[in-house]
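Everything below concerns the one structure shown next.
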Amino acid sequence: MDYQTLILGAGAAGMMCAAQAGKSVLVIDHAKAAGEKIRISGGGRCNFTNLHTSPANFISANPHFVKSALTRYTQWDFIEMVAKHGIKYHEKTLGQLFCDDRAKEIIAMLRDEMKQADLWLRTNVIDIRHDGATFSTTVNREGKHHVIRHKNLVMATGGKSIPKMGATGLAYQIADQFGVPVTETRAGLVPFTFSDQRFSGISGCAVDARVQADGPAFDEALLFTHRGLSGPSILQASSYWLEGQDIAVNLSPQLDLYVALRDRRKTDGKKAVTTVLSQYLPNRLVEHLSPMLNIRGNLADQSDRVLQDLADKLHQWRITPHGTEGYRTAEVTLGGIDTNALNSKTMAVKAMPNLYFIGEAVDVTGWLGGYNFQWAWSSGWVAGQAISAQS
Ligand code: FDA
């Protein structure tokens, strides 16, 4: 046996697992550096967890699956590690914790925590075999083939999102090879596209909105883009959207526009409806929507019914996206390794207990806001603990 444990993928989950898995651990990644997604995350500041993390913030065919790992390694445990390493952080909004300085500090922290493990970068996996007791993994490193014999294999190669950054979907291939079921995958936390460029005229315009697809409603910013719709509220809703469905957008979730316009009619009746509306919504957006809203004339000319109709259209705007930008820009991959095949306490495959799947590869997807990293930490930690308890 060359190593007790081989971890494929030096991302968030793989590094956390390596830090816990004890002795004789080799981590392999085909990238030139560990934790590349951590480095670019959160605009370079890494939204590393969320204060309000709970199972309700995750999407999975089995919503109960996350409970064990999230309870055993919580957001507070990760915050403690961050504090222990002297990394300064702050809450930006909605419980989202970001580094004050740079995401690279999180990578350095994890590299330090996993320092007893070996790390081979720029290494490609050629073949993985299992003889019933031992894995033999053939890799190519610096032009040379190596066969590594190991007891445990941890798949931490993430999902399919952002192939340009090295995402390959290798975990699904290996699952297939060893008979582990995989649920259908699709892009999540991803902007919507439209077949026409209907929003290009208001590209860059942002509004606080409430957006809902086939799931909970999200109150956050919505951004119009050349290709369609983006911004946190849209990304969140995209994870609950299926092709062909429409989405509901409330362009003024905090203020009842009917009440506001009706009241303003008393004092500003001589003003154009669009002028008054532009005090509550971005001017460019009002101009763009006015043909659809059929707005003409001054406020004083509008009956209560007309104002109610107008407000309803803005509060209950329904649109059908043509598609999404797909894995090219998606922050996460929905679906993945079927949780029914995994032990939720250890992340080991029930039918093959020395094979583990952790992180984004698994059919567990968090909301936007630090939840996906927390899943990577929690699932990586429980797998690492289970491995270190073997010896
Ligand atoms: P991750 O993708 O991190 O790591 C997988 C590793 O496996 C990579 O190092 C890769 O090179 C390697 N690998 C893949 N295929 C391989 C192969 N065939 N051979 C060898 N190695 C291979 N989440 C969050 O909570 N807060 C945030 O701020 C952000 N921000 C963010 C921004 C952007 C632009 C993206 C794309 C994503 C985020 N996320 C996020 C999501 C978060 O990055 C993601 O959920 C975690 O990185 C998943 O961790 P994993 O370790 O599972 O995979």
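These numbers were taken from a predicted model, which means no experiment stands behind them. First listed ligand is number 1; within each ligand, the first listed atom is number 1.
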Original post:
Which of the atoms in ligand 1, numbered in the order shown and given with their element, are less than 4.0 Å from a heavy-atom of A12?
Top reply: 3 (O), 49 (O), 51 (O)

Original post:
So F178 and H130, would you call those rings parallel, tilted or perpendicular, with 30° and 60° as cut-offs?
Top reply: perpendicular

**OP:** For atom 53 (O) of ligand 1, state which one of A103, G336, G158 supplies the nearest heavy atom.
**Re:** G158

Original post:
Between N372 and ligand 1, which part of the residue brings a heavy atom under 4.0 Å of the ligand: side chain, backbone, both or neither?
Top reply: both

Original post:
What residue and heavy atom of the protein are closest to atom 34 (C) of ligand 1, and at what distance?
Top reply: I40 CD1, 3.5 Å

Original post:
Is R72 atom CZ crowded by more than 12 heavy atoms from other residues, nucleotides or ligands, each under 6.0 Å away?
Top reply: yes

Subject >> Selected option - heavy-atom contact closest to atom 22 (C) of ligand 1, from H30, K37, E36, Q96 >> reply: H30

Original post:
Under the side chain to side chain contact (heavy atoms under 4.5 Å, CB included) criterion, do I126 and H145 qualify, and how do the steps go?
Top reply: CA-CA 9 Å; I126 312 276; H145 277 41; 4.0 Å; yes

Original post:
Under 4.0 Å from any heavy atom of G42, which atoms of ligand 1 are there?
Top reply: 28 (O), 30 (N)

Original post:
Of E105, E113, E80, which meets side-chain contact (heavy atoms from CB on, under 4.5 Å) against H85?
Top reply: E113

Original post:
In terms of hydrophobic clusters joined by side-chain contacts under 4.5 Å, are I234 and L368 together?
Top reply: no

Subject >> Test item, L8 contacting ligand 1 (heavy atom, 4.0 angstrom) >> reply: no

Subject >> Non-hydrogen atom of A156 closer than 4.0 Å to ligand 1 >> reply: yes

Original post:
Where's the contact between N124 and ligand 1, heavy-atom distance under 4.0 Å: side chain, backbone, both or neither?
Top reply: neither

Original post:
Does L229 share a hydrophobic cluster with V332, counting links as ILVMFWY side-chain heavy atoms below 4.5 Å and allowing steps through other members?
Top reply: no

Original post:
In this structure, are over 12 heavy atoms from other groups packed under 6.0 Å from R328 atom CZ?
Top reply: yes

Subject >> Protein contact of atom 11 (O) of ligand 1 - nearest heavy atom, named by residue and atom, plus distance >> reply: D29 OD1, 2.7 Å

Original post:
How close does the nearest protein non-hydrogen atom get to atom 18 (N) of ligand 1, and which residue and atom is it?
Top reply: T168 OG1, 3.1 Å

Subject >> Heavy-atom nearest neighbour in the protein, as seen from atom 30 (N) of ligand 1, with distance rounded to 0.1 Å >> reply: S41 CB, 3.3 Å

Subject >> Min N/O separation F373 to ligand 1 under 3.5 Å >> reply: yes

**OP:** Give the single entry among E331, R45, M15 that approaches atom 37 (C) of ligand 1 most closely by any heavy atom.
**Re:** E331

Original post:
Would you say R111 has more than 12 foreign heavy atoms packed within less than 6.0 Å of its CZ?
Top reply: no

Original post:
Looking at ligand 1, does S161 have a heavy atom less than 4.0 Å from it?
Top reply: no

Original post:
Nearest to atom 26 (N) of ligand 1, what protein heavy atom do you find, and at what distance?
Top reply: N47 O, 2.9 Å

Original post:
Looking only at distance, does T123 have an N or O less than 3.5 Å from an N or O of ligand 1?
Top reply: no

Original post:
Can you find an N/O atom of Q374 closer than 3.5 Å to an N/O atom of ligand 1?
Top reply: no

Original post:
What is the nearest protein non-hydrogen atom to atom 51 (O) of ligand 1, stated with its residue, atom name and distance?
Top reply: A13 N, 2.8 Å

Original post:
Which of parallel (below 30°), tilted (30 to 60°) and perpendicular (above 60°) describes Y240 and W367?
Top reply: perpendicular

Subject >> Close N or O approach (C46, ligand 1; < 3.5 Å) >> reply: no

Original post:
Same cluster or not: are Y356 and M352 linked, directly or through other Ile, Leu, Val, Met, Phe, Trp or Tyr residues, by side-chain heavy atoms under 4.5 angstrom apart?
Top reply: yes

Original post:
Can you tell me if NZ on K104 sees more than 12 non-hydrogen neighbours from other groups inside 6.0 Å?
Top reply: no

Original post:
V273, W317: one ILVMFWY side-chain cluster at the under-4.5 Å cut-off?
Top reply: yes

**OP:** Mark up the atoms of ligand 1 that fall under 4.0 Å of a heavy atom belonging to I162, in ascending order.
**Re:** 36 (C)

**OP:** Just need the protein heavy atom nearest to atom 48 (C) of ligand 1, so name the residue and atom and give the distance.
**Re:** E360 OE1, 3.5 Å

Original post:
What protein heavy atom is closest to atom 4 (O) of ligand 1, reported as residue, atom name and distance in Å?
Top reply: G11 CA, 3.3 Å

Subject >> Same cluster (ILVMFWY, side-chain, under 4.5 Å), F218 and L242 >> reply: no

**OP:** Classify the angle between the aromatic ring planes of F199 and H288 as parallel (below 30°), tilted (30 to 60°) or perpendicular (above 60°).
**Re:** tilted

Original post:
Can you find an N/O atom of L170 closer than 3.5 Å to an N/O atom of ligand 1?
Top reply: no

**OP:** Using distance alone, decide if ligand 1 has a nitrogen or oxygen within less than 3.5 Å of any nitrogen or oxygen in A361.
**Re:** no

